[in-house]
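For reference, the structure discussed in these notes is given below.
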Number of protein chains: 2
Amino acid sequence: MTRYTESIRASLRDRVLDAAYGLVADAGWGGLRMAHVAERAGVSRQTCYTEFGSKDALGQALVMREVDRFLDGIREVLDGHGSDLRAGVTAGVEFTLRTAADNELLKAVITSQRGGDGELMAHLTTRSEPLLDTATAMLGAYAAHAWPEVDEYSRELAVECVVRLTVSNIVQPVASPEATAERIARIVTRVALLAEPE
Amino acid sequence: MTRYTESIRASLRDRVLDAAYGLVADAGWGGLRMAHVAERAGVSRQTCYTEFGSKDALGQALVMREVDRFLDGIREVLDGHGSDLRAGVTAGVEFTLRTAADNELLKAVITSQRGGDGELMAHLTTRSEPLLDTATAMLGAYAAHAWPEVDEYSRELAVECVVRLTVSNIVQPVASPEATAERIARIVTRVALLAEPE
DNA sequence: CGCTTGACACTATTAGAGATTTTGTCTAGT
DNA sequence: ACTAGACAAAATCTCTAATAGTGTCAAGCG
């Protein structure tokens, strides 16, 4: 398989996945028809099957793509803020809140929401459950790099706070993403920077 | 209506509610039959209707009782720890985690979980939504009393942390209630006690 | 009175048969 | 490498009849 064919195929996969994403957003996973996906992607139904194998497999590929994109986004945001952990956290949290707000699918994955329109998740043992673990690990590594002077236990505490508070604010938002991110970063800074009292 | 009749009636209501609680736990709200409730409570079906009016009304009464009991429990736990906020928070969180663990109904209310076996909540505008708000307010008042030297903003931050982290750990537990409560109290202490850096 | 019992209409839930879609595969054609 | 059409098998919808449950009434009992 040549390089060229590979890139063609990749763009084809992406077109199909894009179509699927839009249709799932409109009608939910249950209302998704392979025929519609094919049509919207400008491709034959058969091609979808040869490329993905089955509707379920297409679903898996879809959430895997979304998850990977999200994780890449987080990585990018974090890397873009060098050693300023506070700024990194603020930006990362805001990015996550915004993503969850306008990507129903990722919101469902992040909050581990079952049932509802996201019947999609019903059978996704793959890279969807470990999402939060991966994000936590990434944030932990970033924290270790950006705040080497903080002891490990405090860093752990802080990272757990970021993740849990962020998810909490996705499920039950009270303010804008900016304001919330700012607030969470503030909390987390305190958790990390205060040595154990008493 | 005499005092005596009142207490008789109250105990009758309680017996019926107890029966309903057990049956809901077994079969879910959807699987609950008024006839079974009456039978288990040792009461006629008609009595249930004269007392509560309808199945839905009985459901409301049930969750209201559970919510009130929970709130009373929190109040008691908090009051039992005088001015030691840290101890109070630890005990309160542990109480909440334990309650959620063995009271499916309250767990559903606390986490605002919709659908599932708790189809009960589908139509409860009453004292179920404000639960977290009430608990938050109680904790806030308690904090103001136990930690007067901490500025209000820091207290707000800390209270929000307790509530959100507790709910988060109900939804996704990683350790025992004791360990988790201890951890949350530690985090919250840091949030409250650290003056704003930079 | 306060409760039980049995009877009742009305409504919601369930079960099954049949029609209709959709999935997933195959084959021939471009 | 993809499209197009045809197809069996499986899933989903639809409608009907039967069943079960809710909510109300009136009669009876201590």
Side-chain angles (χ1 to χ4, degrees), chain A residues 1-20 22-24 26-62 115-124, chain B residues 1-20 22-24 26-62 115-124:
Chain A
M1 187 183 294
T2 74
R3 244 181 117 73
Y4 179 69
T5 359
E6 264 176 42
S7 99
I8 289 288
R9 160 160 303 176
S11 94
L12 183 144
R13 277 183 76 94
D14 258 352
R15 280 216 316 283
V16 174
L17 255 18
D18 286 343
L23 291 169
V24 168
D26 290 348
W29 176 250
L32 185 73
R33 295 300 111 104
M34 290 299 265
H36 297 161
V37 176
E39 183 183 18
R40 182 182 281 208
V43 143
S44 82
R45 201 166 62 88
Q46 182 56 40
T47 302
C48 294
Y49 277 102
T50 40
E51 190 58 35
F52 294 98
S54 72
K55 186 181 172 183
D56 275 10
L58 184 150
Q60 297 227 2
L62 178 57
D117 267 4
E119 318 98 321
L120 215 177
M121 317 303 156
H123 29 65
L124 291 186
Chain B
M1 186 183 296
T2 74
R3 246 180 114 76
Y4 180 70
T5 355
E6 264 177 41
S7 100
I8 288 286
R9 161 161 301 176
S11 94
L12 184 144
R13 277 182 77 92
D14 257 351
R15 281 216 316 284
V16 174
L17 254 18
D18 286 342
L23 291 169
V24 168
D26 290 349
W29 175 251
L32 185 72
R33 296 299 110 101
M34 290 300 265
H36 297 161
V37 175
E39 185 183 19
R40 182 182 280 210
V43 140
S44 83
R45 202 165 62 87
Q46 183 56 39
T47 303
C48 294
Y49 277 102
T50 37
E51 190 58 35
F52 294 98
S54 72
K55 185 181 172 183
D56 275 10
L58 185 149
Q60 296 226 2
L62 178 57
D117 267 4
E119 319 96 322
L120 215 177
M121 318 303 156
H123 29 67
L124 292 186

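Letters A, B, ... mirror the listed sequences (proteins, then strands); counts begin at 1.
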To the nearest 0.5 Å, how far apart are CG in A:Leu17 and CG in A:Leu58? 6.0 Å
For a quick test of reading the model, state the closest non-hydrogen atom pair linking A:Met34 to A:Cys48 and the distance between them. CE-CB, 4.3 Å
Atom-to-atom span, CZ of B:Arg13 to C1' of C:dG2 - whole angstrom: 16 Å
Provide the full list of side chain to side chain donor-acceptor pair (under 3.5 Å) pairs with a residue in residues 36-45 of chain B, sequence neighbours left out, each pair given once. B:Ser44-B:Thr47
Nucleotide C:dG24, atom C1' - distance to CG of A:Leu58 in whole Å: 13 Å
Those residues that, when tested against B:Ser54, pass side-chain hydrogen bond (donor to acceptor under 3.5 Å, both in side chains) (two or more places apart): none
CG-CG distance between A:Leu23 and A:Asp18, expressed to the nearest 0.5 angstrom: 11.0 Å
Per-nucleotide protein contact string for nucleotides 22-30 of chain D (B base, S sugar-phosphate only, - none; heavy atom under 4.0 Å): BBBB-----
Among B:Val37, B:Val24, B:Leu32, exactly one meets side chain to side chain contact (heavy atoms under 4.5 Å, CB included) together with B:Leu62. Which residue is that? B:Val24
Interatomic distance where CD belongs to B:Glu51 and C1' belongs to C:dG2 [whole Å]: 11 Å
Rounded to 10 degrees, the angle between the two terminal axes of the helix from C:dC1-D:dG30 to C:dT30-D:dA1, each from five pairs: 40°
Rounded interatomic separation in angstrom, taking CH2 from B:Trp29 and P from C:dT13: 13 Å
Which one of A:Val16, A:Leu12, A:Val43 satisfies the side chain to side chain contact (heavy atoms under 4.5 Å, CB included) criterion with A:Glu51? A:Leu12
Where B:Ala61 and B:Phe52 come nearest, the two heavy atoms and their spacing: CB-CE2, 3.7 Å
